[in-house]
*Asks:* 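Here it is: the structure, laid out below.
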Number of protein chains: 2
Amino acid sequence: MIRILVVEDETAIRRSLEIGLRAHGYDVLIAADGRTAIQACTEDAPDLVLLDLGLPDLTGFEVLRQLRTWSTVPVIVLSARHGSGDKVEALDLGADDYVTKPFGLDELLARVRAAGRRAQTSERIVTDDFVIDLGAAQVLVDGEPVRLTPIEWKLLAVLAASPGRLVGRVDLLHQVWGPAYEGETNYLRVYVANLRRKLEPEPARPRYLHTEPGLGYRFTP
Amino acid sequence: MIRILVVEDETAIRRSLEIGLRAHGYDVLIAADGRTAIQACTEDAPDLVLLDLGLPDLTGFEVLRQLRTWSTVPVIVLSARHGSGDKVEALDLGADDYVTKPFGLDELLARVRAAGRRAQTSERIVTDDFVIDLGAAQVLVDGEPVRLTPIEWKLLAVLAASPGRLVGRVDLLHQVWGPAYEGETNYLRVYVANLRRKLEPEPARPRYLHTEPGLGYRFTP
DNA sequence: GGCGTTCTTGACGGGATCTTGACGTGCGAG
DNA sequence: CTCGCACGTCAAGATCCCGTCAAGAACGCC
């Protein structure tokens with residue numbers, strides 16, 4: 001079940017979105033202000049966020065900015081303002097799409113499907129030595145499933161989501177442990193070592209999980 | 001350089017898109033009809049496609065459908081039709097975004113950036129001897145990744161960010177080491193030499209990392 | 001309540017990296 | 001021609017960072 005967080009303070013719009021989305025098979029979470037929205041993202045990890053720009057406490061921009069410091073969840077911004085300035089700002093802050101009110105439910109649903117389609121990261125990553133199945137949340141080494149602890153899995157998923165790219169130490173800690181652990185580089189050392197022991201054919205000479213001294217780590221298939 | 005394929009039959013719009021995109025640092029490929037567009041995608045592998053729906057031979061929908069059978073390149077659809085039917089169809093066929101004419105260039109550029117960000121198209125600088133991938137934070141010499149220390153990488157990134165431009169010694173020290181190191185021109189000598197040893201085919205006779213005596217350094221691709 | 005797994009934390013050694021200074025070289029000015 | 005300046009080169013010490021290990025704490029499951 002795909003779970004969508006609707007962030008909207010006007011009750012009427014919120015209700016109609018909720019009903020429309022539910023009718024098309026989505027699970028709907030609700031937040032009426034920015035603080036609740038951010039909290040909901042940390043606790044419930046929705047698959048997609050519909051974010052209204054006009055909120056009572058924080059602006060939608062601020063919610064988006066805070067969200068993007070640690071999360072890559074797809075965000076579709078809803079706004080009554082047609083000006084291009086808002087669009088540019090929202091998109092550059094990391095929004096995936098921008099829809100101006102009033103909008104048709106069928107168009108919104110199409111954009112939700114488009115965002116969801118993009119978000120599913122190629123599901124399976126295959127190397128010579130193991131297979132990472134993002135959807136099933138498991139790793140096969142020589143065809144045999146390997147037991148990974150929750151943190152090990154999350155760390156691997158974050159690294160594998162950007163194959164070939166350097167992922168900074170701060171980014172990793174932020175996404176796996178949370179915003180409060182940005183200095184704990186110890187964790188990375190320990191858990192990267194764990195992953196290597198379980199995945200690499202030669203843990204002492206890593207082929208897939210490379211370390212970039214002083215910067216972070218890189219997964220290369 | 002990020003390469004964008006513009007598929008548009010109206011000369012006026014095509015020209016203005018080409019000029020606008022070029023001015024913002026994109027490499028622009030052109031196709032005036034559907035067949036040419038598909039051919040260009042197979043041969044030139046652009047990083048992103050701007051697709052007009054009204055084409056002389058095939059419809060934009062048909063181009064998109066054929067493209068999606070084998071390619072996952074991000075596609076932004078341009079259309080004069082505001083009806084939601086077209087939007088829904090295009091998005092469900094695999095378009096990443098849908099923009100209705102007339103549109104502002106700044107909005108289009110923001111959507112291009114958003115699409116590129118999602119697809120992780122990274123800025124690359126290609127020379128005869130090596131490739132600098134700024135997004136992945138990696139340098140390839142003869143196809144093989146080269147180990148750069150954090151400072152070496154930062155220095156190269158700053159120089160490569162202004163290709164062909166002179167970068168003053170103070171600017172370099174400021175951006176790489178920090179405001180407190182503005183007098184340490186020794187560092188530049190040492191680390192530019194390191195970079196040359198790792199990148200230049202003939203470190204003694206630099207082809208890419210030129211020094212401007214008394215002023216600073218210049219990277220020329 | 002007991003047990004096993006997982007997470008946290010700290011210490012240690014080895015290796016890579018940064019810093020620092022000395023020396024050589026080429027060029028232009030005097 | 002000689003001098004001085006700026007850059008290139010090199011090497012060695014200090015420092016930082018990473019991999020490793022192990023032990024205690026926290027957690028979840030029966």
Side-chain angles (χ1 to χ4, degrees), chain A residues 137-139 145-159 166-219, chain B residues 137 139 145-159 166-170 172-173 175-178 180-219:
Chain A
Q138 76 167 355
V139 181
V146 173
R147 285 190 67 85
L148 292 187
T149 74
I151 288 186
E152 285 167 6
W153 170 255
K154 191 98 178 281
L155 179 59
L156 179 62
V158 171
L159 283 169
L166 169 70
V167 186
R169 294 185 297 199
V170 175
D171 295 341
L172 282 173
L173 288 164
H174 215 285
Q175 292 188 52
V176 176
W177 279 270
Y181 292 75
E182 287 188 359
E184 305 289 334
T185 59
N186 279 342
Y187 294 4
L188 290 178
R189 292 207 290 273
V190 172
Y191 279 91
V192 168
N194 289 347
L195 282 176
R196 290 209 256 244
R197 198 176 316 121
K198 292 183 177 180
L199 301 182
E200 295 273 2
E202 231 181 321
R205 207 110 28 106
R207 178 177 168 187
Y208 304 101
L209 292 167
H210 297 280
T211 150
E212 301 280 341
L215 300 174
Y217 292 85
R218 182 195 311 272
F219 171 77
Chain B
V139 180
V146 174
R147 285 192 70 86
L148 294 187
T149 74
I151 288 185
E152 286 166 6
W153 168 254
K154 195 111 173 263
L155 178 60
L156 178 63
V158 171
L159 282 169
L166 169 70
V167 185
R169 293 185 297 200
V170 175
L172 282 173
L173 289 163
Q175 292 188 57
V176 177
W177 279 270
Y181 292 74
E182 288 188 357
E184 305 288 336
T185 59
N186 279 341
Y187 293 2
L188 289 178
R189 291 208 290 274
V190 173
Y191 279 91
V192 169
N194 288 347
L195 281 178
R196 290 209 257 245
R197 196 177 317 121
K198 291 183 178 181
L199 301 182
E200 295 274 2
E202 231 180 322
R205 216 154 324 203
R207 178 176 168 188
Y208 303 101
L209 292 167
H210 300 281
T211 146
E212 304 280 341
L215 301 174
Y217 292 86
R218 182 196 309 273
F219 171 76

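Just so we're on the same page: letters track the sequence lines, and every chain starts at 1. From a predicted model like this one, the values you see are computed outputs, not experimental measurements.
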*Asks:* Can I get a per-line list of side-chain donor-acceptor pairs under 3.5 Å for residues 183-194 of chain B, giving both atom names and the distance, sequence neighbours left out?
*Replies:*
unit_1	atom_1	unit_2	atom_2	d
B:Asn186	OD1	B:Arg189	NH2	2.6
B:Asn194	OD1	B:Arg197	NH1	3.4
B:Asn194	OD1	B:Arg197	NH2	3.4

*Asks:* Quick check: do A:Lys198 and A:Pro203 have side-chain heavy atoms less than 4.5 Å from each other?
*Replies:* no
*Asks:* Determine whether B:Glu152 and B:Leu199 satisfy the following criterion, side chain to side chain contact (heavy atoms under 4.5 Å, CB included), listing intermediate values before the conclusion.
*Replies:* CA-CA 11 Å; B:Glu152 286 166 6; B:Leu199 301 182; over 6 Å; no
*Asks:* Quick one: closest heavy-atom pair of B:Pro150 and A:Pro213, and the distance?
*Replies:* CG-O, 3.1 Å
*Asks:* So how far is it from B:Trp153 CH2 to A:Glu212 CD, rounded to the nearest 0.5 Å?
*Replies:* 9.5 Å
*Asks:* Using a cut-off of strictly less than 4.0 Å between a heavy atom of the residue and any atom of DNA chain D, enumerate the qualifying residues of residues 196-208 of chain B by number.
*Replies:* B:Arg196
*Asks:* Say you draw a straight line from NE2 of A:His210 to CZ of A:Arg218; how long is it, rounded to the nearest 0.5 Å?
*Replies:* 8.5 Å
*Asks:* Check every nucleotide of DNA chain D for an atom under 4.0 Å from a heavy-atom of chain B, then give the first and the last such nucleotide from 5' to 3'.
*Replies:* D:dA6 to D:dC10
*Asks:* Near DNA chain D, which residues from residues 184-191 of chain A have a heavy atom under 4.0 Å away?
*Replies:* A:Arg189, A:Val190
*Asks:* Could you check whether any side-chain N or O of B:Arg196 sits under 3.5 Å from a backbone N or O of B:Ala204, counting only pairs where one atom can act as donor and the other as acceptor?
*Replies:* no
*Asks:* Quick check for you: name the first and last nucleotides of DNA chain C, 5' to 3', having an atom under 4.0 Å from a heavy atom of chain A.
*Replies:* C:dT6 to C:dT9
*Asks:* Just list the side-chain donor-acceptor pairs under 3.5 Å for residues 170-182 of chain A, sequence neighbours left out, or say none.
*Replies:*
unit_1	atom_1	unit_2	atom_2	d
A:His174	NE2	A:Glu182	OE2	3.1

*Asks:* Is there a side-chain contact between B:Arg207 and B:Glu200 (heavy atoms, below 4.5 Å)?
*Replies:* yes
*Asks:* Checking side chain to side chain contact (heavy atoms under 4.5 Å, CB included) for the pair B:Leu166/B:Tyr217: CA distance, chi angles, key distance, verdict?
*Replies:* CA-CA 6 Å; B:Leu166 169 70; B:Tyr217 292 86; 5.9 Å; no
*Asks:* With rounding to the nearest 0.5 angstrom, report the CG to CZ distance, A:Leu159 to A:Phe219.
*Replies:* 8.5 Å
